[in-house]
Amino acid sequence: RFVGNRAAANGGAIAMRAGHVAIVGSAFDDNTAATGGAIDVKDDGTFEITASHFVNNRATTNGAALNYEPRVVSDDFGLASTTQQQLKVLDANFSGNVGPSVLRYLSPLSLLCSLGQWAPMSLGESGDALVGDFLGCPYTCTRGYIGLYANHTTSTCGGECPRGYY
(Lines give C-alpha, C1' and ligand atoms only; values in the text may rest on other atoms or scores of the structure.)
Protein backbone atom coordinates (compact mmCIF):
# COMPACT_ATOMS: atom_id res chain seq x y z
CA ARG A 1 0.00 0.00 0.00
CA PHE A 2 1.08 3.51 -0.83
CA VAL A 3 -0.84 5.88 1.44
CA GLY A 4 -0.45 9.60 2.11
CA ASN A 5 2.80 10.17 0.21
CA ARG A 6 3.69 13.67 -0.99
CA ALA A 7 6.06 15.12 -3.60
CA ALA A 8 6.47 18.76 -4.58
CA ALA A 9 7.01 17.92 -8.25
CA ASN A 10 6.59 14.39 -9.64
CA GLY A 11 5.14 11.12 -8.37
CA GLY A 12 3.60 11.33 -4.93
CA ALA A 13 4.26 7.62 -4.29
CA ILE A 14 6.45 6.53 -7.25
CA ALA A 15 8.56 8.53 -9.71
CA MET A 16 10.05 6.17 -12.32
CA ARG A 17 12.66 7.32 -14.82
CA ALA A 18 13.85 4.04 -16.39
CA GLY A 19 13.35 0.31 -16.11
CA HIS A 20 10.56 -2.21 -16.25
CA VAL A 21 7.94 -2.20 -13.52
CA ALA A 22 4.92 -4.39 -12.84
CA ILE A 23 2.63 -3.43 -9.98
CA VAL A 24 0.20 -6.13 -8.88
CA GLY A 25 -2.49 -5.96 -6.20
CA SER A 26 -1.50 -2.58 -4.81
CA ALA A 27 -3.46 0.35 -3.41
CA PHE A 28 -2.57 4.00 -3.96
CA ASP A 29 -4.57 6.16 -1.58
CA ASP A 30 -4.35 9.88 -0.80
CA ASN A 31 -1.04 10.58 -2.58
CA THR A 32 -0.23 14.08 -3.88
CA ALA A 33 2.17 15.66 -6.39
CA ALA A 34 2.13 18.40 -9.00
CA THR A 35 2.35 15.74 -11.76
CA GLY A 36 1.45 12.10 -11.24
CA GLY A 37 -0.32 12.31 -7.90
CA ALA A 38 0.29 8.61 -7.21
CA ILE A 39 2.70 7.62 -10.02
CA ASP A 40 4.77 9.57 -12.54
CA VAL A 41 6.57 7.61 -15.28
CA LYS A 42 8.97 9.33 -17.69
CA ASP A 43 11.73 8.22 -20.05
CA ASP A 44 12.53 4.58 -20.88
CA GLY A 45 10.82 1.48 -19.63
CA THR A 46 7.63 -0.48 -19.57
CA PHE A 47 4.95 -0.12 -16.97
CA GLU A 48 2.12 -2.52 -16.14
CA ILE A 49 -0.50 -2.22 -13.40
CA THR A 50 -2.72 -5.18 -12.51
CA ALA A 51 -5.54 -5.54 -9.95
CA SER A 52 -4.76 -2.25 -8.22
CA HIS A 53 -6.77 0.63 -6.78
CA PHE A 54 -6.21 4.38 -7.12
CA VAL A 55 -8.36 6.31 -4.65
CA ASN A 56 -8.33 10.00 -3.65
CA ASN A 57 -4.99 10.90 -5.24
CA ARG A 58 -4.34 14.48 -6.32
CA ALA A 59 -2.27 16.33 -8.94
CA THR A 60 -2.30 20.01 -9.82
CA THR A 61 -1.09 19.59 -13.43
CA ASN A 62 -1.48 16.10 -14.95
CA GLY A 63 -2.44 12.59 -13.92
CA ALA A 64 -4.00 12.58 -10.45
CA ALA A 65 -3.56 8.79 -10.38
CA LEU A 66 -0.95 8.26 -13.11
CA ASN A 67 1.07 10.36 -15.54
CA TYR A 68 2.90 8.41 -18.30
CA GLU A 69 5.39 10.22 -20.59
CA PRO A 70 7.78 7.96 -22.52
CA ARG A 71 11.02 9.29 -23.97
CA VAL A 72 10.77 11.09 -27.31
CA VAL A 73 13.46 10.28 -29.88
CA SER A 74 14.25 11.69 -33.31
CA ASP A 75 14.92 9.59 -36.38
CA ASP A 76 17.54 10.34 -39.06
CA PHE A 77 15.16 12.86 -40.66
CA GLY A 78 14.57 14.80 -37.45
CA LEU A 79 11.05 13.48 -36.98
CA ALA A 80 10.15 12.97 -33.34
CA SER A 81 8.33 9.92 -32.09
CA THR A 82 7.88 8.13 -28.81
CA THR A 83 9.78 4.95 -28.22
CA GLN A 84 7.86 1.68 -28.14
CA GLN A 85 6.98 1.71 -24.45
CA GLN A 86 3.41 0.86 -23.67
CA LEU A 87 1.35 1.45 -20.59
CA LYS A 88 -0.80 -1.55 -19.60
CA VAL A 89 -3.55 -1.21 -17.02
CA LEU A 90 -5.42 -4.42 -16.23
CA ASP A 91 -8.33 -4.64 -13.79
CA ALA A 92 -7.70 -1.31 -12.05
CA ASN A 93 -10.14 0.87 -10.15
CA PHE A 94 -9.92 4.68 -10.29
CA SER A 95 -12.11 6.54 -7.79
CA GLY A 96 -12.17 10.01 -6.22
CA ASN A 97 -8.93 11.18 -7.85
CA VAL A 98 -8.71 14.96 -8.26
CA GLY A 99 -6.84 16.90 -10.94
CA PRO A 100 -7.10 17.98 -14.58
CA SER A 101 -6.90 14.28 -15.53
CA VAL A 102 -6.98 10.96 -13.70
CA LEU A 103 -4.77 9.02 -16.10
CA ARG A 104 -2.61 10.86 -18.66
CA TYR A 105 -0.66 8.95 -21.31
CA LEU A 106 1.55 10.01 -24.22
CA SER A 107 2.06 6.53 -25.61
CA PRO A 108 -0.15 3.62 -26.66
CA LEU A 109 -2.38 2.54 -23.79
CA SER A 110 -3.73 -0.92 -23.14
CA LEU A 111 -6.66 -1.13 -20.72
CA LEU A 112 -8.38 -4.42 -19.98
CA CYS A 113 -12.04 -3.61 -20.58
CA SER A 114 -15.02 -5.64 -19.47
CA LEU A 115 -17.78 -6.55 -21.90
CA GLY A 116 -19.73 -3.44 -22.85
CA GLN A 117 -16.80 -1.08 -22.15
CA TRP A 118 -14.26 0.62 -24.37
CA ALA A 119 -11.21 2.87 -24.09
CA PRO A 120 -9.10 4.73 -26.65
CA MET A 121 -5.58 3.39 -27.19
CA SER A 122 -4.09 6.76 -28.02
CA LEU A 123 -5.41 10.04 -29.35
CA GLY A 124 -3.17 12.42 -31.22
CA GLU A 125 0.47 13.33 -30.89
CA SER A 126 -0.02 14.95 -27.50
CA GLY A 127 -1.59 11.82 -26.05
CA ASP A 128 -4.80 11.69 -24.13
CA ALA A 129 -6.15 12.00 -20.65
CA LEU A 130 -8.92 10.03 -18.98
CA VAL A 131 -11.11 11.68 -16.37
CA GLY A 132 -13.69 10.56 -13.81
CA ASP A 133 -14.17 7.39 -11.80
CA PHE A 134 -14.05 4.03 -13.56
CA LEU A 135 -13.39 0.33 -13.06
CA GLY A 136 -11.67 -1.38 -15.99
CA CYS A 137 -12.38 1.13 -18.76
CA PRO A 138 -13.86 4.61 -18.63
CA TYR A 139 -16.55 4.40 -21.32
CA THR A 140 -19.54 2.19 -22.07
CA CYS A 141 -20.57 1.18 -25.58
CA THR A 142 -22.97 3.55 -27.35
CA ARG A 143 -26.67 2.72 -26.95
CA GLY A 144 -27.71 0.21 -29.56
CA TYR A 145 -24.24 -1.28 -29.85
CA ILE A 146 -22.89 -4.41 -28.22
CA GLY A 147 -19.56 -5.33 -26.69
CA LEU A 148 -18.79 -8.73 -28.21
CA TYR A 149 -15.43 -9.11 -26.49
CA ALA A 150 -13.18 -7.17 -24.13
CA ASN A 151 -10.87 -4.33 -25.19
CA HIS A 152 -12.91 -2.40 -27.75
CA THR A 153 -11.28 0.89 -28.77
CA THR A 154 -14.28 2.77 -30.24
CA SER A 155 -17.70 3.70 -28.90
CA THR A 156 -19.46 1.38 -31.38
CA CYS A 157 -17.67 -1.56 -29.72
CA GLY A 158 -18.42 -4.80 -31.58
CA GLY A 159 -21.22 -3.44 -33.77
CA GLU A 160 -24.95 -2.87 -33.70
CA CYS A 161 -27.15 -4.97 -31.46
CA PRO A 162 -29.10 -7.65 -33.33
CA ARG A 163 -32.63 -6.52 -34.21
CA GLY A 164 -34.99 -7.09 -31.29
CA TYR A 165 -32.23 -7.34 -28.67
CA TYR A 166 -31.77 -3.70 -27.74
Next on the checklist: Rounded at 0.5 Å granularity, tell me how far OG1 in Thr32 sits from CZ in Arg6.
Outcome noted: 4.0 Å

Checklist entry - Rounded to the nearest 0.5 Å, what separation is found between the CZ atom of Arg58 and the CG atom of Asn97? => result 9.5 Å

Next on the checklist: Please check this pair: side chain of Ser26 against backbone of Arg1, looking for a donor-acceptor N/O pair closer than 3.5 Å.
Outcome noted: no

Next on the checklist: For a quick test of reading the model, state the closest non-hydrogen atom pair linking Gly37 to Ala59 and the distance between them.
Outcome noted: N-CB, 3.8 Å

Checklist entry - Could you state the interatomic distance from OG (Ser155) to OH (Tyr145), rounded to the nearest 0.5 Å? => result 8.0 Å

Checklist entry - For Phe28, which of Val55, Val3, Ile23 qualifies under side chain to side chain contact (heavy atoms under 4.5 Å, CB included)? => result Ile23

Checklist entry - Atom CG of Leu66 and atom CG of Leu103: how far apart are they, to the nearest 0.5 Å? => result 4.5 Å

Item to check | Closest approach of Ala38 to Asn31 (non-hydrogen atoms, all atoms of both residues) | outcome: CA-CB, 3.9 Å

Next on the checklist: Run Phe94 and Val89 through side chain to side chain contact (heavy atoms under 4.5 Å, CB included) and show every step you take.
Outcome noted: CA-CA 11 Å; Phe94 297 88; Val89 181; 4.1 Å; yes

Checklist entry - Does Val24 belong to the same Ile/Leu/Val/Met/Phe/Trp/Tyr cluster as Tyr68, with side-chain heavy atoms less than 4.5 Å apart forming each link? => result no

Item to check | Residues Arg104 and Asp40 bridged, charged N to O under 4.0 Å | outcome: no

Checklist entry - Can you tell if the side chain of Asp29 reaches within under 4.5 Å of the side chain of Phe2, non-hydrogen atoms only? => result no

Next on the checklist: For a 4.5 angstrom cut-off between non-hydrogen side-chain atoms, does Asn10 reach Met16?
Outcome noted: no

Next on the checklist: Please check: side-chain N/O of Ser101 versus main-chain N/O of Gly63, any donor-acceptor pairing under 3.5 Å?
Outcome noted: yes

Checklist entry - Is Val21 reachable from Val41 through a run of I, L, V, M, F, W or Y residues, each pair having side-chain heavy atoms under 4.5 Å apart? => result yes

Checklist entry - Which heavy-atom pair separates Gly12 from Ala33 by the least distance, and what is that distance? => result N-CB, 3.4 Å

Item to check | Minimal non-hydrogen separation, Asn57 against Ala65, with atom names | outcome: CB-CA, 4.4 Å

Item to check | Residue pair Trp118 / Thr140, side-chain heavy-atom distance below 4.5 Å | outcome: no

Checklist entry - Within the side chain of Ser52, is there an N or O that forms a donor-acceptor pair under 3.5 Å with the backbone of Thr50? => result yes

Checklist entry - Is the closest side-chain heavy-atom distance between Thr35 and Lys42 below 4.5 Å? => result yes

Next on the checklist: Contact between Asp91 and Ile49 at the side-chain level, heavy atoms closer than 4.5 Å - yes or no?
Outcome noted: no

